[in-house]
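Notes to accompany the following structure.
Starting from 1, each residue takes its place in the sequence as its number.
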Amino acid sequence: MSPTTPPEQQRVPRSSPLLTDEIEVLGNGTGPDAGDIEKPPLEDEGVVMRSPFDDMSFVRTFKVFWKAELIAFIAAFSAAADGYQILMTGSIIANKGFIAQFGTQIPKGSLILSAQVLAIWGGVQSLGQGMGMLSTHFIADRYGRRFGFLWLWLVLVGGVLCETLARDWKVWVAAKLLSGYAVGSVQFLTTSYMTELLPMRTRGSLLITYTIWYDLGQLAASIALKVLEDKAPHNYLNLIYTEWAMIGIMLVVYLYIPESPWWCANRDQHERGRAALTRLNGGIKGYDVDFHYGLIKKTVGLEREAAAQLHGPSKGFWHEVWSLRELFIGVNGFRTLVAFFPPATQQISGLAVLSNYASYFAQVAGFADPFMFTVLLSLVSIGSTIVAFFMTDFVGRRATFLFGVVGTWSCLMIVGGLGLIKAPSLADNKLTAKLFFALVWRMVSDLEGTLGRSFAAEAGSSRLRVKTAGVSSAGGVAVGVLFSSTVPYMLNTTEANWGLKTCFFFAGISLPMCIAAFFVIPDTSKRTAAELDEMFEKKVKPWRFRGYVTEAQLALEASKQRNPGDANVLEG
């Protein structure tokens, strides 16, 4: 069967939830190394086909689909504003001018920001993130991905405007709420959108570019904070003004990118969907837009039929809200758990300590220059992201994530142990060790976060992708609200004063999650949406996802054996 064969000429009987009556199965061929890997039962039934382009090598796919990959990379720029906003608002609290403006306590003759104010800011920002994740997916599903981006952009403008005008800590609360809403929306919507644009073979690595932009944004904020500290430590507003440049670039990006063809198929805007797919991949030799858009329509159609059987026909917004319960039951419930697990694990492993309160942690740990510490953290994050870029498809999402989980827990124990050493003669060595393991901690924790964005974008079905990503990310933020509100009390010398022993607390509560990760997290790399549907529906064990041979793979292999000429599209 050729990839250019019109979908209406391909027919078989339908006999399972993953079948289509428009694609012919040409046999029950076996995949490579069939004796070494688990395979599904061989049945003479139709499947939602894989495209022959899905079996191209990573390098070849990268070259052939350069246009879609470039657009996805540009769309990911919003992550730079995300990272810039998160680090800047989290670390500016150590700036002298900011403290002079918003400080509320004078415990030892000098003005400071109280732990209560810091806890309110951190909690409100996390609340805003959760609100964005729980509401923006309705907008993006109803009106389109591009409309969702423009909506969150307007909210971000409101947040930065509040930051610019704020002269009282209570106004900064409003800024935190609005910017948190926008940042939360960016985090799940961007990766979901990228998943709907990218070819399967390079999807995992290209999703990592979101984190690359995020890390570059954090690095830029760290450098800006350092320059401000050295040149004009009391003029904190200069740093806030730089956010407007980020916002301007975001608007240009959002006006340029196309609508998602998957959203168009879900909303029956098929001409618009074909036009979007043509813009992305229409110039590729051997690529038939109608055939590939037909695959999207088939996947969406089958999922829509399943939803209609479960909920009945849509009856408006509130019916749609009520149908969200689908995200928490059965197969979709497990898919939501997979998407929720990574961000929740990262939060429970002490993310707030080295993210929201990095400069504060540096002061408590005894580092002379907390802003230089944040610069080092940003550089380490970029290095970690580059490692993830190469590992995610070649080693797999699951293996990379589990490495991050084990590494993070180990670093928590080590850094906490360093806090128990009291010998004055070891002060210098202890400070060096604290710096080293804090940086390693950030590196492996970032692996969890980076892969977490991939799981959030890929775990849900195409029909529920944005909702699954939004709700699961909101769940992770809900966990973060707790720690954003309590970490200042743990670190503050006038409160609990745990210092580095805070790490023991996070090591203790994260241990059950670390163990559970081995039984919950699957490998979603190199899989189409239909293949993931199949494996989740068949309840394939998470640790067997990587080696599982799907019906789509078997059908494509049989097609190649009958029509060797189809393999020509894979050649350079």
F334 atom CZ, neighbour heavy-atom count above 12 within 6.0 Å
yes

Do the side-chain N and O atoms of Y181 and S135 include a donor-acceptor pair separated by under 3.5 angstrom?
yes

Show the nearest heavy-atom pair for residues A68 and L198, with the distance to one decimal.
O-CD2, 4.2 Å

E259 and salt bridge (charged side-chain N to carboxylate O under 4.0 Å, His left out): which partner among R267, R272, R274?
R272

Has E531 got a side-chain atom pairing as donor or acceptor with T528's backbone, closer than 3.5 angstrom?
yes

Go through the steps to decide whether R335 and D533 satisfy the test salt bridge (Lys or Arg N to Asp or Glu O under 4.0 Å), and finish with yes or no.
CA-CA 10 Å; R335 297 178 81 152; D533 285 347; 2.9 Å; yes

Listing request: all side chain to side chain donor-acceptor pair (under 3.5 Å) pairs with a residue in residues 64-75, at least two apart in sequence or in separate chains.
E69-T202

F389 and F58 aromatic ring geometry - parallel, tilted or perpendicular at 30°/60° bounds
perpendicular

With rounding to the nearest 0.5 angstrom, report the OG1 to CG distance, T190 to L207.
10.5 Å

Looking at F188, is its backbone amide N or carbonyl O close enough to the side chain of T191 to form a donor-acceptor pair, meaning the two atoms are under 3.5 Å apart?
yes

Less than 6.0 angstrom from the centroid, inside 45 degrees of the normal: does R527 satisfy that with respect to the ring of F536?
no

Derivation and outcome, ring-ring contact (aromatic ring centres under 6.0 Å, His included), residues F73 and W213:
CA-CA 9 Å; F73 183 73; W213 277 119; 5.2 Å; yes

Should the ring pair F149 and Y254 be called parallel, tilted or perpendicular, given that the plane angle runs from 0 to 90° and is split at 30 and 60?
parallel

For the backbone of S445 and the side chain of Q346, can you confirm whether one donor and one acceptor N or O come within less than 3.5 Å of each other?
yes

Report, as yes or no, whether the 6.0 Å neighbourhood of atom OH on Y143 holds more than 12 heavy atoms from other residues, nucleotides or ligands.
no

